[in-house]
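So the structure is just underneath, and the comments pick up after that.
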2 protein chains.
Amino acid sequence: MGLSPRTKANQTEMQAVRGGRPRSEQLHQAILQTTFDLVLRDGFRAVSLEGIAATAGVSKATIYRRWPNKAAVVMDAFTNKVGSGTLFHKSSTVAESIRLQMRAMAKSFRGSDGTLVKALLAESEFDPELAKALQERWTLPRRRMAILVIQEAIRKGEMHSEVDPEDVIDILYGPIYYRLQRNAGALTNAYIDRIFHTAMKGLGTKNS
Amino acid sequence: MGLSPRTKANQTEMQAVRGGRPRSEQLHQAILQTTFDLVLRDGFRAVSLEGIAATAGVSKATIYRRWPNKAAVVMDAFTNKVGSGTLFHKSSTVAESIRLQMRAMAKSFRGSDGTLVKALLAESEFDPELAKALQERWTLPRRRMAILVIQEAIRKGEMHSEVDPEDVIDILYGPIYYRLQRNAGALTNAYIDRIFHTAMKGLGTKNS
DNA sequence: TGTGAATCGAAACGGATCGTATCGTATCTT
DNA sequence: AAGATACGATACGATCCGTTTCGATTCACA
């Protein structure tokens, strides 16, 4: 079943979908928008489905008809806005385009995206369905894009050929998520640049 | 007040501590042990204080007399076992002792420590008091130790002198927490070694 | 030895929220 | 017009929270 909105197909083993009053797309958007606003204002934990229903001017049943629980609604409210994610752009070198993408990601994390990603990641620790949804809809697409770019950097001789692109991602992006999730300092451009350059150049000297 | 066990001093502005029946140290340990076991078995979210009380054979009031909430009990149940943390040991080079410490940390994360750290970190996103306690009792002590070692590595010429030790920590340990919190692959020794060596050597070539 | 003080277990409390169910009304398809 | 589904309102049982009360217990100290 997963965390996707319930469709008429998976909701129950109901007969063919024809007939009946259709669901209101307007209510759908109202629910997602309200959820987005409330979670940003009050935090994931403080928001209840009853609160969302009341604020959106909708009955609880209408929400439960479409999503199985709060995490699913928030997940949709989030992906509804974020879209496909921060893309890589061409630049002078491939490595440079990676640095700029890291900056773009940090910038989005400084705003509402960061707040919601943080909440969803934390909640996913307690909710396997949400974890799966985040993995499929957030993490994996981004990692796949990054791997392609890193492989290109390796092909062009900008990165060592023996490194595993997966490890490169962990080293470059691990610190960003680390800071995001711990509130361990602002994700400034300066920080991103330092992480990038330090990782590229390496920590060690010839003596190590 | 914080997340520490309530003491007679901070519990209320009660008069001097003399007199009265003393708290049972045996119950204290029973509560912590039960909490530890239950959280490992059922997960942080699934465990309730009522369940802990029932299993430990203790009344709810006895728990609330000592801790303000569930997170605080789990935090104590955890630090009660973990002790001061994985230490750095002397080795052939300072860098080598860092690698070995990373391995030791990964090993502890493969066991019950990892399960509890993960749960506490996630929960701390929703609980500022817990976040503060984790910062003070877990993160900061470890970072302080690591900084000293990294500075030593720099002094001995094993690491570049222009790098910020804080950034070194983020680059080396960020990936470990990243994997831990996402369940993104096992924290094997091989993984640790790859991250360490890749970070030490650097991702880039002379062309980047 | 007894007296005060705090702890203990048991139990009940109000409150929040969950997810479900019921019912009458509204709205769409055929 | 008939059938099917969405919708709002409302109630429900359940769980857990954190607090409170009570009588009984256990200790320190005079």
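Each chain gets a letter, A, B and so on, in the order the sequences are listed, and its residues count up from 1.
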Given atom [atom1] of [X] and atom [atom2] of [N], what is their separation to the nearest angstrom?
X      : N      : atom1 : atom2 : answer
A/I63  : C/dA21 : CD1   : P     : 18 Å
A/W67  : C/dG19 : CH2   : P     : 14 Å
B/E123 : D/dC17 : CD    : P     : 11 Å
B/Q26  : C/dG9  : CD    : P     : 11 Å
B/I52  : D/dC16 : CD1   : C1'   : 12 Å
B/R23  : C/dA5  : CZ    : C1'   : 13 Å
B/E25  : D/dC27 : CD    : P     : 14 Å
B/L49  : D/dT15 : CG    : C1'   : 13 Å

Take B/Y173 and B/Q101, measure what side chain to side chain donor-acceptor pair (under 3.5 Å) needs, and give me the verdict at the end.
CA-CA 11 Å; B/Y173 292 87; B/Q101 195 276 342; 2.6 Å; yes
Spell out, as yes or no, whether a donor-acceptor pair under 3.5 Å connects the side chain of A/E125 to the backbone of B/A122.
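Not a single qualifying donor-acceptor pair exists.
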Examine distances only and state if a side-chain atom of A/K70 and a backbone atom of A/V47 form a donor-acceptor pair shorter than 3.5 Å.
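Answer holds: yes.
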Taking only side-chain nitrogens and oxygens of B/R66, does any of them come within less than 4.0 Å of OP1 or OP2 of C/dC8?
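It does, given that an N or O in the side chain of B/R66 lies less than 4.0 Å from OP1 or OP2 of C/dC8.
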Any B/R21 side-chain nitrogen or oxygen under 4.0 Å from OP1 or OP2 of D/dT25
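The answer is no; no side-chain N or O of B/R21 sits under 4.0 Å from OP1 or OP2.
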Lys/Arg cation over aromatic B/Y177: A/R182, 6.0 Å, 45° cone:
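Output yes; distance and angle both within limits.
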N/O-N/O pairs, protein side and nucleotides 8-13 of chain D side, under 3.5 Å:
unit_1 : atom_1 : unit_2 : atom_2 : d
D/dG8  : OP2    : A/S59  : N      : 3.2
D/dG8  : OP2    : A/T62  : OG1    : 2.5

Which value, rounded to the nearest 0.5 Å, describes the distance between A/R142 atom CZ and A/L87 atom CG?
9.0 Å
To the nearest 0.5 angstrom, please state how far the CD atom of B/Q33 sits from the OG1 atom of B/T55.
12.5 Å
Which is more 5' along DNA chain C, the nucleotide nearest B/S24 or the one nearest A/S48? Just name the residue.
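Counting from the 5' end, the first nearest nucleotide belongs to B/S24.
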With sequence neighbours excluded, what pairs up with B/F196 under the ring-ring contact (aromatic ring centres under 6.0 Å, His included) test?
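Counting only residues at least two positions away or on another chain, B/F196 forms no ring-ring contact (aromatic ring centres under 6.0 Å, His included).
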